Amino acid sequence: MGARPGLRPHCGTRDAERGIGPRLDSSSQSSIDNRQSTIVHGWLFDLYPMRGGMVLWIVDEAGESHRLTEAFEPVFYATGARRDLAALGRALAADGLARPLGPARRREFWTGAMIDVLAFALGDPEAQPRLLRRIATFTTVTFFDCDLPLALQYAHHRKVFPVARVTATRDARGRLLDLAAADSPWEIEYEHPPLRRMALACQGDELGRGVPTGTLRVLEVRAGDEVVRLDEGDPGALIAELNRLLRRHDPHILFTQYGDAYLVPTLLLLARRAGIPLELDRDAIRRRIRLRGHSYFSYGRILYQAPFYPCFGRWHIDAKNSFLLRETRMQGLVELSRLSKIPVQKMARTSPGSAISGMQLDRALDEGILVPWKKGEPERWKSAWDLFVADKGGLVYQPLTGLHQGVAEIDFASMYPAMMVRHNISPETVGCACCAGDAAARVPEIGIPVCRRREGLVTRTLRPILARRAEYKARRKAAAGERREVYDQRQTALKWILVTCFGYLGYRNARFGRIEAHEAVTAWSREKLIQAREVCEAHGFRVLHAIVDSLWIRKDGATEEELAMLCRRIQAKVGIPIALEGVYKWIAFLPSRVSPRVPVVNRYLGAFANGETKVRGIDLRRSDTPPLVAEAQGRMIALLAEAPDAAGYRARVPAVLDVLAEYALRLWEGQARLEDLTITKSVSKKPEEYRHDTLSALAAKQLARKGIAVHPGEAVRYVIQRDGAADKAARVRPLELLGDDAAYDAAKYVDLLVRAAETVLAPCGYDAAKLHRYLDLIRRQETESRTLSSSGVRREG
DNA sequence: CATTCGCGGGG
DNA sequence: GTGTACGCGAATG
């Protein structure tokens, strides 16, 4: 039995015969000759399923948008007993969900063997969730390709991808007749379409949360050079004016801050109240206003996900709800969208893991591999998780605490992905039977064999990404200005893929994840770090510290050439590129604050020879440190970074103390700005569920009383007003309930400041008590000088 | 003291 | 509709 023609997804004119085509048609030009065709050149802007088919948006050179439709029947496969398959076919036909297409022969993922399957066509792509619920009852049948993202499936079938350069032929009713991509997603040099942007901002959106109540004081609309401020006063007028602006500028992208959580639902509520439809979309859809998102547990913390408000025919991009936009900007977003076949607007709201998954699925489809049905949750944000995994599986040495000089740091570049490629680590290659007898194929420590004959899917996906990122980095080096920025954003996007691909391998819900593969990576990484350490020591270097893929080493009089040579030696031994991160003028590995004799792995600060600093794990790096404290600590470290060595570090202690005094005085004198004192912490539960009255719990409770919901996973922002006050409500005030003239607890903030200074000065023997004594002295001097000079000249810091 | 709570990557 | 972890540091009770 061979693969038959006719198993391709069904498209185009055939469907019109079956009556699917007309349902797609939203135009009223039925009198025009349907056979009249037009050619559109442009970029594939967006694609999504709608009413029995796919809607495609193409933006042409002039920035005009074209809506095209095509009927589309995704194909999926099943295998099982003949009788079960027959029953399945009857059931799906009876429900009008899908129809059998006939037998096919495809490649099974785990074994790589060709197997016989039965192909089905899903009548309506939008019915995919219903299909999955229905086929879940057929427990004796195995399904493949049934839950693939529809845009990806369609894009793969049509050999196009998001933001591809395309040429399309359409009939007079907007139905797609032909579509061809003019470039490849792997093209390095490509241009974005000319997209018009509009930014919406409102007073209140900086809170980014709370149940949108449908109140909005001012809406600010920016498009081109125009800035329009709309007052809510009369919601009807506001919505009408916004609609007018949308029509006039006809933006492709709507940028918001907290648009998903707040602005868009608020506008929709206003529009509903005014009885005027809000024209955010270019397509005719019925919008539901969902106000409640959901909190969920993922990788050790509670996260909150606001409802999504995508636009149809436009991209709504909520800058505050897009990790990838924040990290990689538009160039990175589009780069990942092209490679993963996840449309840009969706890409903006998903994680790097989804992009990896898309790339793997795309490759599987390209190679005719059956994709196993992955029941359960799709992946979520997992930024915090990789850290955890690295700590758990990677090898970590205890640092030699204290202040050091002449230390070099060498890092394996993209260690995990590089190893996955080098050792062919993929779910279907780890533990393979065919290489069980091959001792060289075994994972260290664990002893599991890894296939040496067949390259794994994960490996095949990763290899070109590593190469592509290297290419972007090389071009970035040679480029300048805007082009340089383009390459940088794209390579950053790919870096995120590389950083998360390993975590994704061990993620229980990853489609191509497997814990043994994950363990193989960490086992090899431990071996490589040990080998690197041995090479270092063999060359007379002392290893002060090492974490997973980085080593801090020292040898008197070692030159850069010697370090470069050392890196080559290590690379030759372990087979993974390693490079000099830099030579530190000084670096301090900090001990534990709880037990000062105990080293901790990830608390250090250092200054490179080129003046740059690198700090980990200290106040500055934490998101819950108030800006004033972070700024002060940053300035202290900047001063210390001027020191050429450890002695210079110690010599700058007085200057650091001056900074401490300067900020403390500012606090005492009531000069600090409240926004610099704001503490941001996320809450992990509902306000009433807290067992301890922590400051953030108290802040959340105050907000709740005012009717502002703080969902688990959202952040509260507050200023400490009277820490430890018997009246717990007086201790803290959330930003939303703060008057402009509100007071703050200067002593408490000085405490935090002292703690930040202590972190930096501990290597010189200072502790909090000593720093407080110093500040007491300063304060006394200050009062004295005040009494002496009536003009009250301020002491210079 | 025990318990609760929040944070964190790399370049 | 929604599952799993670790170590540190700080704060509460």
Side-chain angles (χ1 to χ4, degrees), chain A residues 129 133 293-303 305 323 327-328 352 375-394 396 409 411-417 469 473 476 488-489 491-500 502-503 506-509 515 547-550 579 581-582 590-596 598-603 608 612-625 679-685 689-698 700 712-713 715-716 720 723-724 728 731-732 748 751-752 755-756 758-759 768:
Chain A
R133 283 196 299 273
H294 71 281
S295 301
Y296 59 97
F297 183 83
S298 183
Y299 311 130
R301 68 168 63 181
I302 298 282
L303 300 176
Q305 178 93 77
F323 168 80
E327 294 292 328
T328 79
K375 298 171 197 173
E377 252 313 83
E379 69 283 3
R380 298 284 185 191
W381 321 96
K382 50 181 70 65
S383 45
W385 189 61
D386 304 282
L387 168 63
F388 149 66
V389 173
D391 284 351
K392 188 183 178 192
V396 171
E409 178 182 345
D411 297 343
F412 286 105
S414 294
M415 185 196 218
Y416 285 168
R469 176 162 185 243
K473 286 176 81 170
R476 178 185 61 171
D488 190 54
Q489 291 178 11
Q491 74 84 16
T492 306
L494 298 180
K495 183 202 72 191
W496 275 104
I497 297 303
L498 298 177
V499 165
T500 42
F502 155 70
Y507 178 47
R508 200 159 62 88
N509 268 348
I515 199 65
I547 310 175
V548 186
D549 56 0
S550 307
E581 165 87 350
L590 302 171
S592 159
R593 293 184 82 122
V594 223
S595 353
V598 178
V600 291
V601 291
N602 232 345
R603 275 170 57 83
F608 289 109
E612 280 171 30
T613 57
K614 183 166 179 176
V615 305
R616 290 295 177 267
I618 67 171
D619 315 56
L620 189 56
R621 297 277 296 187
R622 293 176 63 98
S623 61
D624 58 350
T625 300
I679 293 171
T680 307
K681 275 189 211 274
S682 65
V683 297
S684 57
K685 40 180 93 48
E689 289 169 350
Y690 274 90
R691 278 182 279 199
H692 285 173
D693 280 327
T694 60
L695 294 178
S696 43
L698 291 170
V716 286
I720 305 173
D723 191 41
K728 286 185 175 175
R731 291 180 183 175
V732 68
K748 177 65 184 175
D751 257 3
L752 297 179
R755 200 150 68 205
E758 183 193 17
T759 301

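Lettering follows sequence order; numbering is per chain, from 1. What you are looking at is a predicted structure, and each value in this text was computed from that prediction instead of being measured.
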In whole angstroms, how far is the [atom2] atom of [N] from the [atom1] atom of [X]?
X         : N       : atom1 : atom2 : result
Arg469(A) : dG11(B) : CZ    : P     : 8 Å
Leu620(A) : dG10(B) : CG    : P     : 15 Å
Asn602(A) : dC7(B)  : CG    : C1'   : 12 Å
Arg593(A) : dA11(C) : CZ    : P     : 10 Å
Lys685(A) : dT12(C) : NZ    : C1'   : 13 Å
Ile547(A) : dG8(B)  : CD1   : P     : 16 Å
Gln491(A) : dG10(B) : CD    : C1'   : 11 Å
Asp619(A) : dC7(B)  : CG    : C1'   : 12 Å

(request) Tell me, please, which residues at least two apart from Tyr690(A) pass ring-ring contact (aromatic ring centres under 6.0 Å, His included). (result) none

Among [options], which nucleotide has an atom closest to any side-chain atom of [X]?
X         : options                  : result
Arg616(A) : dG10(B), dG6(B), dG9(C)  : dG10(B)
His692(A) : dA11(C), dG9(C), dT12(C) : dT12(C)
Val600(A) : dG6(B), dC8(C), dA11(C)  : dC8(C)
Asp723(A) : dT12(C), dG11(B), dC7(B) : dT12(C)

Would one find a side-chain N or O of [X] under 4.0 angstrom from OP1 or OP2 of [N]?
X         : N       : answer
Arg622(A) : dG9(C)  : no
Thr694(A) : dA11(C) : no
Lys681(A) : dG9(C)  : no
Lys728(A) : dA11(C) : no
Arg755(A) : dA11(C) : yes
Ser623(A) : dG8(B)  : yes
Arg603(A) : dG7(C)  : no
Arg691(A) : dT4(B)  : yes
Tyr690(A) : dG6(B)  : yes

(message) Once rounded to the nearest 0.5 Å, what's the spacing between atom CD of Glu758(A) and atom CG of Leu590(A)?
(response) 10.0 Å

(request) Would you give the length of the straight line joining atom NZ of Lys473(A) to atom CZ of Arg469(A), rounded to the nearest 0.5 angstrom? (result) 4.0 Å

(request) Tell me, please, which residues at least two apart from Asp411(A) pass side-chain hydrogen bond (donor to acceptor under 3.5 Å, both in side chains). (result) Ser550(A)

(request) Assign Lys614(A) to base, sugar-phosphate, or nothing according to its heavy-atom contacts below 4.0 angstrom with the strands shown. (result) nothing

(message) What contact category does Ser592(A) fall into here, base, sugar-phosphate, or nothing, at under 4.0 angstrom with non-hydrogen atoms?
(response) sugar-phosphate

(request) State, to 0.1 Å, how close Thr328(A) and Gln489(A) come at their nearest heavy-atom pair, and which atoms those are. (result) O-CB, 3.3 Å

(request) Classify the side chain of Lys495(A) versus the base of dG10(B) as yes if they form a donor-acceptor pair under 3.5 Å and no if they do not. (result) yes

(message) Under 3.5 Å, is there a donor on one side chain and an acceptor on the other for Ser592(A) and Arg603(A)?
(response) no

